[in-house]
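Counting starts at 1 for both ligands and their atoms, in listed order.
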Amino acid sequence: MPMLNDPETSRLTGSATVFEPAKVRAWYASRGEQDDRLDLAVVERATGAVVGEVVLNEWDEPNGACSFRICFVPGTFGRGLGTEATRLVLAHAFETLGLHRVSLEVYAFNPRARRVYEKAGFVAEGVLRGALLWEGERIDATVMSVLAPEWRHHRGRPEETVPATAS
Ligand SMILES: CC(C)(COP(=O)(O)OP(=O)(O)OC[C@H]1O[C@@H](n2cnc3c(N)ncnc32)[C@H](O)[C@@H]1OP(=O)(O)O)[C@@H](O)C(=O)NCCC(=O)NCCS
C-alpha cells in the first residue's frame, strides 16, 4: 500500500487510481492464477522485505511481444535494485519465455526510470506527444523497447558491451 498510494509514485506512473486495501489484496492474491501475464514481487535478499514489483503484461502471443512495468516502494530507490530487477526480468523474457520484443512507455518527468531502462538495454523508439494529462499539464511519453537480438548481444549491459558491427 505505501507503494500504491504514494503521491509521487502515482505521478511517475501516471496513475490517478486510489487503491483500496481489500481490492489490492484480492488483486495480488489472484496473480498466481493468471496465465497471460507475469506479476512478480521483488524481495531484497538482505532483509527479506518486499521492495517492489515487476510485471510482464499485454502479452501479444503471435508477435512474441509484451510490455514491462516496474514499481518500487518509496525509500528503496537509488540502490541499484531497479536496474538489477529489470535485467533479471528481461533475461527471463528473452532466455526463458523466448519473447522477441519487450516494450514500455516512460513519462518525460521520470528521468530516473528512463536511465534504468537505458542501462538495461531499452532503446527509445519515439515520443507519444502529450500522452498524459497530469494536473493540467500535458506530458510526453517515450516508447522504449528491447529486441531479442539486442539482448543476445549485450544481455542487459549495453554500456559495457562493444556495439555490434553491421555485416
Ligand atoms: C524507476 C525505479 C524502478 C528505478 O529503480 P531504482 O532502484 O531507484 O533505480 P537504480 O538505483 O537501479 O538506478 C537509478 C539510476 O537513475 C539515475 N538517476 C536517479 N535520478 C535521476 C535523474 N533525476 N535523472 C537522471 N538519472 C537519474 C541514477 O543515478 C541511477 O543511474 P546510474 O546507476 O547510472 O548512476 C524506481 O525508482 C521506482 O519504482 N520509481 C517509482 C515508480 C516508477 O517511476 N516506475 C517506472 C514508471 S515508467
Side-chain angles (χ1 to χ4, degrees), residues 1-21 23-24 27-28 31 37-60 65-94 99 101-135 137-147 150-151 153-163:
M1 290 307 292
M3 177 178 84
L4 299 175
N5 284 333
D6 175 62
E8 177 62 359
T9 301
S10 298
R11 186 177 79 95
L12 293 171
T13 57
S15 167
T17 310
V18 176
F19 294 94
E20 294 168 28
K23 286 187 183 163
V24 169
W27 166 263
Y28 283 114
R31 292 309 81 202
R37 55 182 287 155
L38 181 66
D39 297 78
L40 298 174
V42 180
V43 177
E44 188 177 29
R45 271 200 197 128
T47 59
V50 173
V51 292
E53 66 175 2
V54 283
V55 180
L56 292 174
N57 62 358
E58 298 177 343
W59 184 29
D60 172 359
C66 71
S67 300
F68 171 71
R69 64 179 301 276
I70 182 167
C71 194
F72 275 57
V73 176
T76 66
F77 305 163
R79 291 193 281 131
L81 297 174
T83 305
E84 185 180 355
T86 301
R87 287 179 175 140
L88 288 169
V89 171
L90 289 177
H92 182 69
F94 293 116
L99 293 176
R101 171 185 164 87
V102 177
S103 63
L104 57 81
E105 291 173 19
V106 60
Y107 295 118
F109 53 35
N110 198 351
R112 179 178 56 216
R114 181 168 175 149
R115 173 72 190 130
V116 167
Y117 301 146
E118 285 171 346
K119 278 199 294 178
F122 280 91
V123 175
E125 294 182 332
V127 175
L128 304 174
R129 296 177 301 157
L132 175 72
L133 177 61
W134 192 262
E135 295 180 350
E137 198 183 343
R138 303 276 178 191
I139 309 297
D140 292 347
T142 298
V143 179
M144 305 183 82
S145 69
V146 191
L147 302 182
E150 295 165 350
W151 180 264
H153 182 68
H154 58 59
R155 292 188 189 274
R157 296 177 188 277
E159 294 169 5
E160 302 158 34
T161 306
V162 179

For the residue pair Leu12 and Tyr107, establish whether any side-chain heavy-atom pair is separated by less than 4.5 Å.
no
With a cut-off of 4.0 Å, which atoms of ligand 1 are near a heavy atom of Cys71?
39 (O), 42 (C)
Under a 4.0 Å threshold between the charged nitrogen and the carboxylate oxygen, would Arg11 count as salt-bridged to Glu137?
no
Is Gly52 in contact with ligand 1, taking contact as a heavy-atom separation below 4.0 Å?
no
Does atom 33 (O) of ligand 1 have a protein heavy-atom neighbour under 4.0 Å away?
yes
If we count only non-hydrogen protein atoms and require a distance under 4.0 Å, does atom 2 (C) of ligand 1 qualify as touching the protein?
no
Give the atom numbers and elements of ligand 1 that come within less than 4.0 Å of a heavy atom of Leu81.
7 (O), 12 (O)
Write out the residue and atom name of the closest protein heavy atom to atom 39 (O) of ligand 1, then the distance separating them to 0.1 Å.
Phe72 N, 2.7 Å
With heavy atoms of Ile70 as the reference, note each atom of ligand 1 found under 4.0 Å away.
3 (C), 45 (N), 46 (C)
Any idea which part of Thr86 is under 4.0 Å from ligand 1, heavy-atom wise: side chain, backbone, both or neither?
neither
So which heavy atom on Cys71 is nearest to which on Met3, and how close?
O-SD, 3.3 Å
Minimum side-chain heavy-atom gap Ile70-Thr86 below 4.5 Å
yes
Polar proximity ligand 1 side, Ala113 side, N/O cut 3.5 Å exclusive
no
Contact between Lys119 and Arg87 at the side-chain level, heavy atoms closer than 4.5 Å - yes or no?
yes
I need the atoms of ligand 1 closer than 4.0 Å to a non-hydrogen atom of Arg79, numbered in the order shown.
11 (O)
So, taking the atom named CZ in Arg114 and the one named CG in Leu104, what distance separates them when rounded to the nearest 0.5 Å?
10.0 Å
Out of Glu8, Arg115, Glu159, Arg69, the nearest non-hydrogen contact to atom 16 (O) of ligand 1 is supplied by Arg115
A quick test of your reading: do over 12 heavy atoms of other residues, nucleotides or ligands sit less than 6.0 Å from CD of Glu125?
yes
Thr76 N/O under 3.5 Å from ligand 1 N/O
no
Hey, does Thr83 come in under 3.5 Å of ligand 1, counting only N/O atoms on both sides?
yes
Test of understanding: given a 4.0 Å heavy-atom threshold, classify the contact between Lys119 and ligand 1 as side chain, backbone, both, or neither.
side chain
Non-hydrogen protein atom less than 4.0 angstrom from atom 14 (C) of ligand 1:
yes
In terms of atom number and element, which parts of ligand 1 are under 4.0 angstrom from non-hydrogen atoms of Gly80?
10 (P), 11 (O), 12 (O)
Which part of Arg112 is near ligand 1, with near meaning a heavy atom under 4.0 Å away: side chain, backbone, both or neither?
both
Quick one: closest heavy-atom pair of His154 and Thr161, and the distance?
CB-OG1, 3.6 Å
Ion pair check, Glu53 and Arg31, cut-off under 4.0 Å:
no
Member of Thr13, Thr142, Val116 meeting the side-chain contact (heavy atoms from CB on, under 4.5 Å) criterion with Val106
Thr142
I'd like to know if the side chain of Asp60 and the backbone of Cys66 have a donor-acceptor N/O pair within less than 3.5 Å.
no
Would you mind reporting whether Leu128 and Glu105 have side-chain heavy atoms less than 4.5 Å apart?
yes
Do Phe68 and Val146 touch side chain to side chain, with heavy atoms closer than 4.5 Å?
no
What do we get for Val116 next to ligand 1 when only non-hydrogen atoms under 4.0 Å count, side chain, backbone, both or neither?
side chain
A side-chain contact here means heavy atoms from C-beta on lying under 4.5 Å apart; do His92 and Leu40 qualify?
no
Nearest heavy atom to atom 25 (C) of ligand 1 wins, so pick from Pro111, Ala120, Ser10.
Pro111
Can you find a protein heavy atom under 4.0 Å from atom 5 (O) of ligand 1?
yes
For ligand 1, which atoms sit closer than 4.0 Å to a heavy atom of Asn110?
43 (C), 44 (O), 46 (C), 47 (C)
Among Phe77, Phe109, Phe68, closest by any non-hydrogen atom to atom 38 (C) of ligand 1:
Phe77
Any non-hydrogen atom of Tyr107 lying under 4.0 Å from ligand 1?
no
What's the spacing between Thr9 OG1 and Phe77 CZ if we round to 0.5 Å?
4.5 Å
Tell me the protein heavy atom at minimum distance from atom 7 (O) of ligand 1, and give that distance in Å.
Gly82 N, 2.8 Å
Polar contact flag for Gly78 and ligand 1 (N/O pairs, less than 3.5 Å)
yes
Which segment of Tyr117 sits under 4.0 Å of ligand 1 when only heavy atoms are counted
side chain
